[in-house]
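Sequential numbering from 1 along the given sequence is applied to the chain's residues. Counting starts at 1 for both ligands and their atoms, following the listed order.
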Amino acid sequence: MTDKTPPLHACDDFDPNSVHVDEARKRILDTLNTVSGIEQLAVRQCLSRVLAEDIHSTIDVPSHINSAMDGYALQGDDIPADGTASLDIIGRAMAGAPFPGSVATGQCVRIMTGAKMPQGADTVIMQENVTVEGERIIIGSGHKAGQNVRQAGEDLATGECVFSAGKLITPADLGMLASMGIAEVRVQRRVRVAFFSTGDELRSVGQPLGDGQIYDSNRYTLHGMLTRLGVELLDMGVIADRRDDIENAFQSAAQIADVLITSGGVSVGEADFVKETLEKIGEVNFWKIAMKPGRPLAVGRIGQCQFFGLPGNPVSAMVTFYQFVQPALQRLSGQAVPPPLLLKARTTSKLKKAPGRIDYQRGWLETDDRGELVVQSTGQQGSGMLSSMGKANCFIVLPLESKGIEAGSVVTVQPFAGLI
Ligand code: AMP
Ligand code: MG
């Protein structure tokens, strides 16, 4: 044999024309930029939106030095090196109602968590560590000067760049914006995503099933995955396997959406018109990706509209969405795209696999009673078995060259939680 590539066994699954998953993801991301358009919104409306401006704090948070405990505020120098000391209680400081005077040596102020530290005091002793005798307290040694006090601006300082443009806004961020007194921020407009299913066999929920027909589930899983990403959804329903219908649907989606996602019809079967229609009216990159499930994927554009043709099998559609479409939507929305979050876990199941493709098997990841991560297979792994996704909380990612894994080995997992 003159070819340097070693001959493949019949059971090998490698296709020399296939693209590696990481390479395909990189090629997709390299062509994409943030969609244009900015909106100014009230903070509560900004959850899961992407900041379009840097946010600098105009105030210190907290705005004043305050107590971190319920107790007594005093001068650190009054803490005895050994034995005890006795201090006069000269007043009270409550959260929102500061003590107006000043604390001198030998004195203290009863203080509550969040109350402004009185002038002169720099230390708080917890009430549990104090003996109260009428209008005096007795304290022992072992306390540190300056303890239990929160400094002004220790959370956010005036002028500090708190968030950079491109930040995905989380619940904590809503609270931080409110803590700075900010009522509105500028965010990127949402990415508009149109999607439809292709297939003569597909019926929508509510219609009776005829012979050989199935319900369209991909539009529902897509609805769920897209909703979590905070994009604007345009559900275009089911399109039959007819060239004209598919072309018309492509044209109308391209007028209104930034992204079009289809499922089905990207293989090389007799009713697979997605790829040829895209070739006719747009640009197409058709890839056989060295992954399982989900080998065929059509990526391209129709005018300004980015196109993803996902495979029809329900698990393949989800796996390709998470590996390629989700990062693409993150990039288009203006977010930084983190690399996939991968962890190591011990598999309690034996995992079957042929070499040649990266396998995204479905697993259940948990912590065992020794505190270690363990994963088990959800069972049957057919790409038509959506129940394998429903039972899973992670992908078990088996490398291209793997020929199967024995129970007890360490494998790579990609938790679903990190995919949202
Ligand atoms: P295709 O990619 O069109 O060749 O479809 C591959 C397999 O996925 C076939 O068994 C289809 O019936 C099934 N399929 C395609 N689209 C859907 C859908 N939207 N919902 C459920 N199954 C589908
Ligand atoms: Mg089909």
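- Within a 6.0 Å radius of NZ in Lys167, other residues, nucleotides and ligands contribute more than 12 heavy atoms.
- Salt bridge annotation for Asp359-Lys353: absent, with no cationic side-chain nitrogen under 4.0 angstrom from a carboxylate oxygen.
- Between the side chain of Asp60 and the main chain of Thr158, a donor-acceptor pair closer than 3.5 Å is present.
- Qualifying side chain to side chain contact (heavy atoms under 4.5 Å, CB included) partners for Gln188, counting only residues two or more places apart in sequence or in other chains: Thr34, Ile38, Val50, Ala52.
- Here is the list of ligand 1 atoms found below 4.0 Å of a heavy atom in Tyr215: 20 (N), 21 (C).
- For atom 10 (O) of ligand 1, the nearest non-hydrogen atom from the set Asn313, Leu310, Val274, Val315 belongs to Asn313.
- Taking only nitrogen or oxygen atoms, main chain and side chain alike, Arg219 does not reach within less than 3.5 Å of ligand 1.
- Listed by chain and residue number, nothing satisfies the ring-ring contact (aromatic ring centres under 6.0 Å, His included) test with Phe321 (two or more places apart in sequence, or in another chain).
- Among all non-hydrogen protein atoms, the one lying nearest atom 11 (C) of ligand 1 is Glu201 OE2, 3.1 Å.
- Of all protein heavy atoms, the one closest to atom 18 (C) of ligand 1 is Asn218 ND2, 3.3 Å.
- If you check which protein heavy atom lies closest to atom 21 (C) of ligand 1, you get Ser217 OG, 3.4 Å.
- Atom 22 (N) of ligand 1 has Ile214 CD1, 3.5 Å as its closest protein atom, hydrogens excluded (heavy atom only).
- Every atom of ligand 1 with a heavy atom of Ser197 under 4.0 Å away is listed here by number and element: 19 (N).
- For ligand 1, the atoms lying closer than 4.0 Å to a non-hydrogen atom of Asp216 are 18 (C), 19 (N), 20 (N).
- Between Asp22 and Lys26, none of the side-chain N atoms (NZ, or NE/NH1/NH2) sits under 4.0 Å from a carboxylate O, so this pair counts as no salt bridge.
- With distances taken over non-hydrogen atoms, the option nearest atom 5 (O) of ligand 1 out of Gly312, Gly384, Gly309 is Gly312.
- Under a 4.0 angstrom heavy-atom cut-off, Gly265 registers as being in contact with ligand 1.
- Annotation: cation-pi pair Arg110/Tyr72 present, NZ/CZ under 6.0 Å from the ring centroid and within 45° of its normal.
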Full working for side chain to side chain donor-acceptor pair (under 3.5 Å) between Arg219 and Ser204: CA-CA 9 Å; Arg219 263 188 317 126; Ser204 294; 3.1 Å; yes
